[in-house]
Amino acid sequence: MRLRLTNLILAMAVVLAFWSMIFAQGIPPRGQINRSTPRAKPAPDLPFDPKDFNGIWDRSGGGSRGISRRPGDDTTPPFTAKGKQVFDSYKPGYGPRAVPPATGNDPTGDCNPAGIPRALLYPRPAQFIMTPDLLVQVFSWHRVLREIWTDGRMLPKDFNPDVRRWYGYSAGHWEGNTLVVDSAGFDDRAWLDQNGYPLSEQMRLEERYTRINHDTIELKMTITDPVMYTKPWVAETKTFRLIPKEEVNGWYEQMTDLKGWYGLMEEICAPVDEVDNFNRRVRDPAGGVIHNK
């Protein structure tokens, strides 16, 4: 009994020492929010309009950053010969094939757009703004917006290669309480996710958004790209949690001095600020590359 108590005391001492070191460095624990405002309790049982997506939604706890939970698992479709060639040429900074980020060739590392669906996968808040004819998604990461038209238009069967977009062209329609979004016309320089899975200009993306309760939107995606994959890819289900406005600031761990200013932070990757400095400060150390001061 005395031995168990001694072990417990030692374990508590280690934990306290660890958190003391963290706070001494001025780095709040992951997920800490602004405690100046009480955290609102989840309210999944409150009444809601299933066709109203207005609000700021948090993707940080709603599934992995990849299309599938684990890169290369049995949900990942086989590559075509072209797909395997392109995949092998990509050098991601994350996942089982990770290289030091600053030595990779991830397009976002040079402040290029994330594209879709990758922007949907990143654990950052996104604001959904709905009108009768349009859903606008504003992503905190890279501070970009995406237009989903709900005015009855249909996607063409093909797109002129000169007018393709990093975020594609998107048209949505309702099937019951599920918003079904079809997208195409993508720029093939984007990656599907941070693990370096490729896409081609022929990719078609289907997203199915269902608000399953007051606080939660569920997203199911299917990627069809016959140039890169031998069959459609059904993604891991992702979820978005509604963030009460009092919590929006606190979501950003370091930004606790903006009391009363509710809205997305500006997380713009600007080459004039980021490429060299960000590599040295963040990406190189994350990949194990240490520079002498």
Side-chain angles (χ1 to χ4, degrees), residues 53-69 71 90 92-95 101 104-130 134-149 164-172 179-201 203-209 217-223 225 228 233 235-243 248 251-252 263-271 274 278 283:
F53 295 167
N54 284 296
I56 296 179
W57 300 85
D58 177 10
R59 243 284 299 150
S60 65
S64 68
R65 297 187 189 186
I67 300 297
S68 295
R69 178 168 293 278
Y90 289 167
Y94 302 90
N105 57 8
D106 187 336
T108 66
D110 293 325
C111 295
N112 290 304
I116 292 290
R118 188 173 180 181
L120 291 163
L121 303 173
Y122 203 70
R124 288 287 192 275
Q127 185 166 10
F128 292 4
I129 303 169
M130 296 191 77
L134 180 67
L135 168 61
V136 177
Q137 294 176 326
V138 184
F139 298 100
S140 175
W141 187 45
H142 285 222
R143 191 64 172 183
V144 296
L145 63 84
R146 175 199 186 196
E147 300 160 321
I148 299 173
W149 293 97
R164 294 182 183 273
R165 296 175 172 179
W166 288 90
Y167 293 88
Y169 297 80
S170 301
L179 179 63
V180 181
V181 180
D182 295 309
S183 301
F186 292 101
D187 190 311
D188 64 359
R189 293 173 295 178
W191 291 7
L192 286 179
D193 62 18
Q194 67 177 14
N195 299 309
Y197 284 95
L199 62 93
S200 80
E201 293 181 344
M203 182 183 80
R204 295 264 169 162
L205 172 67
E206 180 190 78
E207 301 152 76
R208 303 181 69 89
Y209 294 86
I217 291 177
E218 187 176 79
L219 170 60
K220 298 180 182 292
M221 296 185 291
T222 301
I223 295 160
D225 188 344
M228 297 296 177
W233 189 347
E236 173 197 24
T237 298
K238 313 297 180 182
T239 58
F240 296 82
R241 181 183 73 87
L242 183 65
I243 310 178
V248 174
W251 195 99
Y252 301 89
L264 298 181
M265 297 301 297
E266 182 181 281
E267 291 188 277
I268 293 176
C269 183
E274 295 296 329
F278 191 73
R283 297 177 74 227

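Since this is a predicted model, take the numbers as computed values, not measurements.
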When you compare the side chain of [Y] with that of [X], does any pair of heavy atoms fall below 4.5 Å?
{"X": "Asp106", "Y": "Tyr90", "value": "no"}
{"X": "Trp141", "Y": "Thr108", "value": "yes"}
{"X": "Trp166", "Y": "Asn112", "value": "yes"}
{"X": "Pro123", "Y": "Arg65", "value": "yes"}
{"X": "Met221", "Y": "Glu207", "value": "yes"}
{"X": "Pro71", "Y": "Tyr94", "value": "no"}
{"X": "Phe240", "Y": "Phe53", "value": "no"}
{"X": "Ile67", "Y": "Tyr197", "value": "no"}

Write down the atom of [X], the atom of [Y], and the distance for their closest heavy-atom approach.
{"X": "Gly55", "Y": "Leu242", "value": "CA-CD1, 4.3 Å"}
{"X": "Ile223", "Y": "Pro117", "value": "CD1-CG, 4.4 Å"}
{"X": "Gly61", "Y": "Thr239", "value": "O-OG1, 4.4 Å"}
{"X": "Asn195", "Y": "Gly66", "value": "ND2-CA, 3.8 Å"}
{"X": "Ile116", "Y": "Tyr167", "value": "CG1-CD2, 3.4 Å"}
{"X": "Ser140", "Y": "Arg124", "value": "CB-CB, 4.3 Å"}

Q) Could you state the interatomic distance from CD1 (Ile129) to CD1 (Ile56), rounded to the nearest 0.5 Å? A)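 The CD1 atom of Ile129 sits 8.5 Å away from the CD1 atom of Ile56.
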(Q) Once rounded to the nearest 0.5 Å, what's the spacing between atom CG of Asp188 and atom CD of Glu201? (A) 4.5 Å
Q: Count the heavy atoms of every other residue, nucleotide or ligand shown that sit under 6.0 Å from OH of Tyr122, and state whether that count exceeds 12.
A: yes
Could you check whether any side-chain N or O of [X] sits under 3.5 Å from a backbone N or O of [Y], counting only pairs where one atom can act as donor and the other as acceptor?
{"X": "Asp58", "Y": "Ile243", "result": "no"}
{"X": "Glu236", "Y": "Ser64", "result": "yes"}
{"X": "Lys220", "Y": "Lys238", "result": "no"}

Q: Measure the acute angle between the ring planes of Phe128 and Tyr209, then classify it against the limits of 30° and 60° as parallel, tilted or perpendicular.
A: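 The arrangement is perpendicular - the two ring planes meet at more than 60°.
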Q: Please assess Arg59 against Leu219 for the test side-chain contact (heavy atoms from CB on, under 4.5 Å), listing each intermediate value before the final yes or no.
A: CA-CA 11 Å; Arg59 243 284 299 150; Leu219 170 60; over 6 Å; no
(Q) I need the single residue from Arg146, Gln137, Glu147, Arg165 that forms a side chain to side chain donor-acceptor pair (under 3.5 Å) with Ser170. Which is it? (A) Arg146
Q: Take Phe139 and Leu120 through the test side-chain contact (heavy atoms from CB on, under 4.5 Å) and record every step on the way to the result.
A: CA-CA 8 Å; Phe139 298 100; Leu120 291 163; 3.8 Å; yes
Q: Just do the salt bridge (Lys or Arg N to Asp or Glu O under 4.0 Å) check on Arg204 and Glu206 with the steps written out, would you?
A: CA-CA 7 Å; Arg204 295 264 169 162; Glu206 180 190 78; over 6 Å; no
(Q) The test is side-chain contact (heavy atoms from CB on, under 4.5 Å); show your working for Met228 and Leu199 and say whether it passes. (A) CA-CA 6 Å; Met228 297 296 177; Leu199 62 93; 5.5 Å; no
